[in-house]
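One structure is given below, encoded as structure tokens.
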Number of protein chains: 2
Amino acid sequence: MTRVLVVDDEPQIVRALVINLRARTYEVDAAHDGASALRLAAARHPDVVVLDLGLPDMDGVEVIRGLRGWTRVPILVLSARHSSDEKVQALDAGADDYVTKPFGMDELLARLRAAVRRAEPAGGGADDMIVETGEFTVDLAAKKVGRAGKDVRLTPTEWHLLEVLVRNSGRLVGQKRLLQEVWGPSYGTETNYLRVYMAQLRRKLEADPSHPKHFITEPGMGYRFEK
Amino acid sequence: MTRVLVVDDEPQIVRALVINLRARTYEVDAAHDGASALRLAAARHPDVVVLDLGLPDMDGVEVIRGLRGWTRVPILVLSARHSSDEKVQALDAGADDYVTKPFGMDELLARLRAAVRRAEPAGGGADDMIVETGEFTVDLAAKKVGRAGKDVRLTPTEWHLLEVLVRNSGRLVGQKRLLQEVWGPSYGTETNYLRVYMAQLRRKLEADPSHPKHFITEPGMGYRFEK
DNA sequence: ACCGTCCTTGACGGAACCCTGACGCACCCG
DNA sequence: CGGGTGCGTCAGGGTTCCGTCAAGGACGGT
């Protein structure tokens, strides 16, 4: 299932896009300003972003930079402005495509398909990664965690944090990097978030949460996941 | 150096593109029909293809399919036709972008940069530099130190000091430089810090801490790490 | 409009860490 | 032979950092 994040401040455009995308079995999130767009992108990990440049709270190019700070997700820019300068700016900031309003829905969808297609891993990526420990199993592709034969229920943030740690299995991940990957690029010092969510992960997955064997704290530096 | 293959049957457009691209230090090949385009692509392996759909010998979409049969090289389509149908066809056949003539050179170049950029290999290279001695192992990427099969726990300052020494393996590092790299630029004379933390490193890593073989003191000058 | 889930935020005890000063030792030089 | 300098060691105290809990608020679904 492909997940799309639609960012636009005009409700009718958002609605049109959402309806068309859902009809084609995309999973769609919507945001109406830059701040929530960045937050949603961090929380939901869309496979492609459709971004209107004319947002109420911040410049669209800033949103692109905010995304590009930590992800290579395809960004498809919508804009009412035809000026060549605008396009160049957006594309060089990291956008993948630029469509001017008014746009044809067919064309937009085709461009969206193209963006998603080329983002797919080249040669059968090892994305079906399953990591097992003595006590639980993490299926990165299926986004599922199992323990003692039963599925463990994780909230989006918990899963996101777990995913970053597991993808860097064995390596230390600095707290700043964790915060930026999970909560977005504007975070970096709010270490209390990490404390809270690491505690939840340990409570749900560790055999003895007060003496963790897999989610290891490196004081002053970050955390490390160990099989 | 980025290599571009330009495919168009109109000589003036080819010339304009070639001049503009060469001026920006791209390496450019040109073809005037589909057959030679496919041949040139196979022979020269361009990093991006700029393809006009209106070719004399074959349908542009066929050219796209011909390329997609064996390569994922980015394809940027040029076309005089604005019809939504054409665009959808080309994009779904495997094109990455679609620009209608007449086009602005700035915009085309920006789209070309975008296409090349996202084709670049993903993550910054896995910098898994590992340094081994007879007694312990330092993994700079994972920020991990192992000794006799077990992980050794280092505090942030200990790790930082070790990292500077290891990255200058074999070379003498002056105490002033060590202090400034680990404790910050305003330090430089507090050599007692060094004494304390060198002692901790030796205690944790040397077989015989009182007769160090790897963390060597150069009296009056600094310290040196030796495998 | 209500309810449940999830995220955020603040507070607090305890642990880990960093700095500091004191002391002993080896070496060099007067 | 005695004083000085630089280095290694140790232990205590202050500070930062972490784990835990609970309450408040935002959001979505019924």
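Please read these numbers as outputs of a predicted model, since none were measured by experiment. Here is the naming used below: chain letters follow the sequence lines, and residue numbers restart at 1 for every chain.
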[N] [atom2] sits how many Å from [X] [atom1], rounded?
X         : N       : atom1 : atom2 : value
Phe215(A) : dG19(D) : CZ    : P     : 13 Å
Leu194(B) : dG8(D)  : CG    : P     : 10 Å
Tyr193(A) : dT9(C)  : OH    : P     : 3 Å
Glu218(A) : dC17(C) : CD    : C1'   : 13 Å
Lys176(A) : dC17(D) : NZ    : P     : 14 Å
Arg203(A) : dA22(D) : CZ    : P     : 10 Å
Gln175(B) : dG6(D)  : CD    : P     : 9 Å
Arg195(A) : dC17(D) : CZ    : C1'   : 7 Å

Going from [atom1] on [X] to [atom2] on [Y], what distance comes out if it is rounded to the nearest 0.5 angstrom?
X         : Y         : atom1 : atom2 : answer
Leu161(B) : Trp159(B) : CG    : CH2   : 11.5 Å
Glu206(A) : Arg147(A) : CD    : CZ    : 8.5 Å
Phe215(B) : Leu201(B) : CZ    : CG    : 5.0 Å

Between the opening five pairs and the closing five pairs of the helix from dA1(C)-dT30(D) to dG30(C)-dC1(D), how far apart are the helix axes, to 10°?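 For the helix from dA1(C)-dT30(D) to dG30(C)-dC1(D), the axes at opposite ends meet at about 30°.
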Would you mind telling me which of dG10(C), dT20(C), dG8(D) lies closest to the side-chain atoms of Thr217(B)?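 It is dG8(D).
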From the list dG8(D), dT20(D), dC18(D), which nucleotide is the closest neighbour of the side chain of Arg202(B)?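 For Arg202(B), the side-chain atoms sit closest to dG8(D).
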In this structure, which one of Asp106(A), Asp97(A), Asp96(A) forms a salt bridge (Lys or Arg N to Asp or Glu O under 4.0 Å) with Arg111(A)?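 It is Asp97(A); the other options fail the test.
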List the protein contact pattern of nucleotides 2-7 of chain C with one symbol per nucleotide (5' to 3'): B for base contact, S for sugar-phosphate-only contact, - for none; contact means a heavy-atom distance under 4.0 Å. ---SSB
Thinking salt bridges, do Lys143(B) and Glu218(A) make one under a 4.0 Å N-O criterion?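 The answer is no: the pair does not qualify as a salt bridge.
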For Tyr223(A), report the nucleic acid contact type (base, sugar-phosphate, nothing); a contact means any heavy atom under 4.0 Å.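 Answer is sugar-phosphate: Tyr223(A) comes under 4.0 Å of backbone atoms only.
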Okay, side chain of [X], backbone of [Y]: is any donor-acceptor separation there less than 3.5 Å?
X         : Y         : result
Arg81(A)  : Gly54(A)  : no
Arg202(B) : Pro212(B) : no
Glu62(A)  : Asp59(A)  : no
Arg22(A)  : Val28(A)  : yes

Hey, does the side chain of Thr191(B) come within less than 4.0 Å of dG6(D)'s phosphate (OP1/OP2), counting only N and O? no
